Each structure stands twice: as structure tokens, then as C-alpha cells.
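To start, the structure itself, in C-alpha cells.
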Amino acid sequence: MMVKKVGLIGWPVAHSISPAMHQAAFQALGLHDWRYELAPIPPDIVRQGLRALRDEGGFIGVNVTIPLKQAVMPYVRPDEQARAVGAVNTIDFRDNSGMNTDVDGFLDDLAAHGIAVAGERVIVLGAGGAARAAAYGLARAGAEVIIVNRTFSRAQDLAASLASSAGLQHITAQTLDEAAEQGARLVVNCTSAGMWPQVEETPWIEGVPFPAGAAAYDMVYRPSVTRFMRQVEASGGQAIGGLGMLVRQGAASFARWTGQTPPLEVMFGAARAALASSG
Ligand code: NAP
């Protein structure tokens with residue numbers, strides 16, 4: 001049996017729950033010759049690492065995580081969305097294409113929770129790769145996007161670069177207190193604050209009133225309920241964790257590589273079980 005390999009590149013990748021999620025999906029669809037493997041690649045040998053996986057490792061494709069999502073861009077053919085976001089999280093080596101399924105994973109999960117953003121004001125916390133994907137997706141979906149970041153100059157750079165490269169309007173950078181005062185339909189945490197093991201961190205500074213009536217989406221999924229989510233719930237808002245986005249971006253990659261409809265419920269179940277067993 002010729003094994004068909006896909007996997008995850010990043011540095012580090014050891015704590016990923018993606019192998020559990022994809023293996024369960026292969027199993028459920030009877031794709032017994034498919035494997036999902038972890039492939040750690042240090043950031044300074046990205047080109048060589050990609051070549052080794054494709055030419056010698058026999059990989060069909062890979063997911064890409066921190067800190068390589070931007071670094072792989074020169075070595076693949078990014079599609080229009082990945083180019084606009086400036087980051088790739090899925091590669092198909094068969095045509096060396098690069099995609100960004102974080103955007104649709106995020107938008108699909110918002111929709112699954114009944115949150116419509118067209119015409120609404122949304123605060124994006126963070127200015128890294130995840131914030132880029134969220135701000136791009138939200139603006140494309142018709143939201144007015146306000147970017148807030150600990151390092152303010154990075155929020156300004158992100159707003160300017162999305163406006164110029166993707167031609168998106170209605171994206172501005174503001175300070176947290178300015179943004180909070182204006183109110184919003186949704187606040188999205190795209191920072192790593194609160195992610196295990198730094199579970200006591202939060203991107204929402206204590207004492208700043210949370211916008212009345214706003215919901216929150218936390219891209220962090222470990223722990224499943226973050227300190228930020230508890231702050232939002234204490235102020236009466238709906239708070240959604242990032243597991244659904246993780247599963248949906250993985251499902252989109254799975255569909256691309258295998259050509260099969262991903263078994264979403266199986267992937268959710270495996271992802272939850274893997275998180276529970278990793279503490
Ligand atoms: P990144 O490029 O390293 O960006 C990190 C961002 O977090 C920066 O804006 C940084 O601010 C900010 N930050 C870090 N620690 C902070 C703190 N203590 N207080 C306030 N801001 C802080 O990372 P990324 O790729 O964008 O990922 C961000 C998070 O999203 C990670 O936790 C990642 O796991 C998660 N994520 C989840 C999914 C999913 O499917 N659920 C998908 C993608 C990413 P500075 O600019 O000031 O340094």
C-alpha cells in the first residue's frame with residue numbers, strides 16, 4: 001500500500017491536535033492509506049524543509065502554523081485570498097499552491113453561531129497572522145473593522161496594508177479605549193494572550209468596560225474557556241471559543257487534499273477528545 005502523507009509544519013508543532021483530527025477523519029471515510037504527520041521545521045530552513053517533504057518525504061500537502069505562515073509565501077503559489085491575507089496555512093504540493101483556510105474557517109464558525117457581521121462594527125484584537133486573516137475576512141464580509149494591538153504601530157501597519165493590497169475599505173487602527181467606547185457587535189481575540197500555559201493573560205485590559213451587547217470570539221482554543229471569555233460572560237455577553245475555527249480550517253484543508261467531503265462531526269469529536277486528554 002502506497003501511503004499518502006499530509007501533515008503540519010511549524011516550530012514547534014508537538015502540542016498540535018491536528019493529527020488526531022485528521023486521522024479520525026481518514027478512518028471515518030475508509031481512507032486507510034492516508035497519514036497526517038508532524039514535521040517541525042526551524043524558520044531559517046523553510047525552503048529546504050519544504051523541498052525535503054515534497055521531493056523526498058512523499059508528502060501531498062501540509063498545514064502551516066506559527067511561525068511559518070508568512071515565511072512559506074515565497075516558495076509556493078499563493079491563491080488570491082492567501083496573497084491578500086499575506087499568509088498561507090495550507091499547501092498542496094501537487095501544484096505547489098498555497099491557500100489560507102483560516103479565513104473561511106473563522107467566517108464559517110461565526111455563521112454557525114448565528115453571528116452576521118455585514119454592516120456591523122467589529123473590533124479585532126491583535127496584529128499578527130491570525131488578525132490579518134480575521135480582518136481580511138470580516139472586511140470582505142462587509143464589516144467595519146477596528147484593529148487594536150498592544151504594539152499600536154503594528155495595528156496601523158496592518159490596517160494600511162490591507163487597505164492597499166486587498167483594496168478593502170473601512171479598516172482602521174484605534175486604541176483599546178477609543179474602540180471600546182464606540183461600541184461593537186463583535187470583539188475577536190486574535191492575540192495569543194490567554195493561551196495555555198499563560199492562562200491568566202487576557203487581551204482585554206481589566207477595568208475597560210466591554211461594549212454593551214457585543215459578542216466575543218476567542219481564537220484561542222486551549223483552554224476551551226479563556227480568561228477573556230469569562231470577562232465577557234461576566235459582563236453579560238456571548239463568548240465563543242476558537243475550537244470551531246480550528247476544526248473548520250482543518251476540514252477545508254482535508255477537502256482540498258483528499259477531494260472528499262470532510263466528516264465535520266468526527267473531526268469535532270476527535271479535536272475535543274485530544275484537547276481533553278492533553279489537559
Ligand atoms: P502572532 O503572529 O505571533 O501574533 C501574536 C499577536 O498577539 C500580536 O498581535 C501580539 O501583540 C499579541 N499578543 C501576544 N501576547 C499578548 C499579550 N499578553 N497581551 C496582548 N497582546 C498580546 O500569532 P498569530 O499567528 O496571529 O496567532 C494568534 C493566536 O491565534 C494564537 O493563540 C493562535 O493559536 C490563534 N489561532 C487560532 C486559530 C484557530 O483555528 N482557532 C487559527 C490561527 C491562530 P504585539 O504585536 O504587541 O506583539
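Just so you know, ligand 1 is whichever comes first in the structure, and atom 1 is the first atom listed for that ligand. The figures that follow rest on heavy atoms only: side chains count, while hydrogens, waters and symmetry mates do not. In this text the structure is predicted, and so the values were computed from the model without any measurement.
Ring-plane geometry between His22 and Trp257 is classed as tilted, the angle between the planes lying from 30 to 60 degrees on a 0 to 90 degree scale. Relative ring orientation between Phe26 and Trp34 is described as tilted, the plane-to-plane angle lying within the 30° to 60° band.
Looking only at distances, a side-chain donor or acceptor of Arg83 sits under 3.5 Å from a matching main-chain atom of Pro78. A donor-acceptor distance shorter than 3.5 angstrom exists from the side chain of Gln249 to the backbone of Leu246, with no hydrogens or angles considered.
Around ligand 1 you find Ile66, Lys69, Asp102, Gly126, Ala127, Gly128, Gly129, Ala130, Asn149, Arg150, Thr151, Arg154, Cys190, Thr191, Ser192, Ala193, Met195, Glu201, Met219, Val220, Tyr221, Gly242, Met245, Leu246, each with a heavy-atom distance below 4.0 Å.
Listed by chain and number, the residues in a side-chain hydrogen bond (donor to acceptor under 3.5 Å, both in side chains) with Asp108 amount to none (sequence neighbours excluded).
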Point to revise | Test log, rule side-chain hydrogen bond (donor to acceptor under 3.5 Å, both in side chains), inputs Gln70 and Arg132 | key: CA-CA 11 Å; Gln70 280 102 348; Arg132 271 194 93 86; over 6 Å; no

